[in-house]
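Just so we're on the same page: letters track the sequence lines, and every chain starts at 1. Values below: every heavy atom of this structure, side chains too, minus hydrogens, waters and symmetry copies. Everything numeric in this text was worked out from a predicted model, so none of it was measured.
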Number of protein chains: 2
Amino acid sequence: MLEAIQALAGPTRFSILRMIRWEEMSAGDIAGQFKNMTRPAVSQHLGVLRKAGLITERRAGTSRMYSLRPEGFAQLKILLEDFWDPRLMKLKAAAEKEENKRRRKK
Amino acid sequence: MLEAIQALAGPTRFSILRMIRWEEMSAGDIAGQFKNMTRPAVSQHLGVLRKAGLITERRAGTSRMYSLRPEGFAQLKILLEDFWDPRLMKLKAAAEKEENKRRRKK
DNA sequence: CTTTTATTTTAGTTGACACTTACGTAAGTA
DNA sequence: TACTTACGTAAGTGTCAACTAAAATAAAAG
């Protein structure tokens, strides 16, 4: 889980994620967007993002297409919500306790 | 904004945030939870978290009390939702389709 | 004013990570 | 087959962030 946050924390990787936010892109096209950075460097970042579960890879001929993996971000969102507002969390916990009580009555 | 993500990415800082998740703690108490780490090190991490807007500092006598700052996490949550929410993605795609139609009419 | 307590700040060291260059690989093409 | 395209992987290097130790600061107590 921390792996995903660390992947997100790199400025280059963050830019990559913004690029493929709406539609998949090839590794070459992604690297082409960067000035002053070699293609292997971008490839390594793509590897980090993939290992972190934030993107998926699809092979198309000699190209590799990368796209966002919503599941990865969903998990991060859940994680952040736990920090979001502790008071709300307490209320939610209480509500769920109530819910369970009701279920057990059946 | 990236600053907050980078702050969150450090394992030590992540632990600190979990500690003060429910209630404020003094710098000393926080540092006391860590084995194999000096107090200055923890203090530096607290500084990073504060600069990133994730925690707030309150002075009480010679102690400094730290607590979570929900606003900081709220912004992060919004950021992630932009990557995650499929409904937003669909809306954007539809908007671009419209945009293309308009262009072709010229 | 001096001492104590709690903590930050400064200075300096070291390990991890982001690069580059060079090489390897897999799929398409002549 | 040999060549080209589009990549990833390996090895080496420099930079930066996390740490420690020592000094500075700030508030309370004596």
Could you tell me how the ring of Phe83(A) sits relative to the ring of Phe14(B): parallel (under 30°), tilted (30 to 60°) or perpendicular (over 60°)? perpendicular
Separation of [X] atom [atom1] from [N] atom [atom2], in whole Å?
| X | N | atom1 | atom2 | value |
| --- | --- | --- | --- | --- |
| Gln44(B) | dT9(C) | CD | P | 9 Å |
| Arg59(B) | dT8(C) | CZ | P | 9 Å |
| Met65(A) | dT5(D) | CE | P | 19 Å |
| Met37(B) | dA17(D) | CE | C1' | 14 Å |
| Asn36(B) | dA18(D) | CG | P | 18 Å |
| Phe34(B) | dT20(D) | CZ | P | 12 Å |
| Glu57(A) | dA6(D) | CD | C1' | 12 Å |
| Met25(B) | dT7(C) | CE | P | 11 Å |

Looking only at side-chain N and O atoms, does [X] come under 4.0 Å of OP1 or OP2 in [N]?
| X | N | answer |
| --- | --- | --- |
| Ser43(A) | dG8(D) | yes |
| His45(A) | dC19(C) | yes |
| Tyr66(B) | dT8(C) | yes |
| Ser26(B) | dT7(C) | yes |
| Ser63(B) | dT7(C) | yes |

Option passing side-chain contact (heavy atoms from CB on, under 4.5 Å) with Val42(A) (candidates Arg13(A), Met37(A), Gln33(A)):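 Among Arg13(A), Met37(A), Gln33(A), the one meeting side-chain contact (heavy atoms from CB on, under 4.5 Å) with Val42(A) is Met37(A).
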Can you tell me how far CD1 of Ile20(A) sits from CD1 of Ile30(A), rounded to the nearest 0.5 angstrom?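 Those atoms lie 5.5 Å apart.
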From the list [options], which nucleotide is the closest neighbour of the side chain of [X]?
| X | options | answer |
| --- | --- | --- |
| Pro40(B) | dA6(D), dT20(C), dA21(D) | dA21(D) |
| Thr12(B) | dC19(D), dG8(D), dT7(C) | dC19(D) |
| Arg13(A) | dC7(D), dA18(C), dT7(C) | dA18(C) |
| Thr38(B) | dA6(C), dC19(C), dT20(D) | dT20(D) |

Tell me what Ala41(A) touches on the nucleic acid: a base, only sugar-phosphate, or nothing, going by heavy atoms under 4.0 Å. base
Just by distance, do the side chain of Glu57(A) and the backbone of Tyr66(A) share a donor-acceptor pair under 3.5 Å?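 Answer holds: no.
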With no hydrogens and no angle check, is any side-chain donor or acceptor of Arg69(A) less than 3.5 Å from a backbone partner on Gly53(A)?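 At least one qualifying donor-acceptor pair exists.
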Has the side chain of Arg64(A) got a donor or acceptor that lies under 3.5 Å from a partner of the other kind on the base of dG8(D)? no
